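Indexing begins at 1, ligand by ligand and atom by atom, following the structure's order. Owing to the predicted nature of the structure, the values given are computational and were not obtained by experimental measurement.
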Amino acid sequence: MELPFEGRCACGEIHYRVTAAPTFSWLCHCRDCQRASGSGYCAIMYIPQEAVTVTGEARYYTVSAESGNAVSRGFCPTCGSQMFIKAELVPELHGVWAGSMDQPAAFAPVVQVWTHSAQPWGALHPTLPQLPKAPNEVEFGRILAAAAHGR
Ligand SMILES: [Zn+2]
Ligand SMILES: [Zn+2]
């Protein structure tokens, strides 16, 4: 992935610049992501906090995820575009929705999670590994290794 890269919301009020490769990226088919996106799944990359510079102020809405951990989704208060995720599980990382990237084809997910709640119309990726729910510690280690390998 070419660095730095940038992205923005639909109206341009929120803009970001990223100077480090994502620690990991995935497709999430959980019900919370489906509700927040209005779609079948969301495409997210998790980047070290210090490598993400945000211009403008996203508004955050927090839910208690099925795992019991708090997940806050950041969106543009003017145009409503979903932009960011802050997850209690990985507090040192800043989640960014791939669709907001200026060059979204550079997004490189390594796994698809919560396929247990994937919808029959929310196409699963044909080759990425699937996890029915959230990864356990061993699986998460594998995800980090696969992401590091792809960088
Ligand atoms: Zn906006
Ligand atoms: Zn999710």
Q | Expected output: side-chain Gln130 to main-chain Leu128 donor-acceptor under 3.5 Å | A | no

Q. Between atom NE2 of His125 and atom CG of Leu27, what is the distance when rounded to the nearest 0.5 Å?
A. 6.5 Å

**Q.** Angle subtended at the Zn ion (ligand 1) by SG of Cys9 and SG of Cys11, nearest 10°
**A.** 110°

(Q) To check you understand the geometry: which heavy-atom pair defines the closest contact between Leu93 and Gln49, and what is its length? (A) O-NE2, 3.5 Å

Q: Answer yes or no as to whether an N/O/S atom of Cys28 is found below 2.8 Å from the Zn ion (ligand 2).
A: yes

Q) Are any N, O or S atoms from Cys30 nearer to the Zn ion (ligand 2) than 2.8 Å? A) yes

For a quick test of your reading: what N or O donor-acceptor pairs under 3.5 Å do the side chains of residues 68-79 make, sequence neighbours left out?
unit_1	atom_1	unit_2	atom_2	d
Asn69	ND2	Ser67	OG	3.4
Ser72	OG	Thr62	OG1	2.7
Thr78	OG1	Glu13	OE1	2.5
Thr78	OG1	Glu13	OE2	3.3

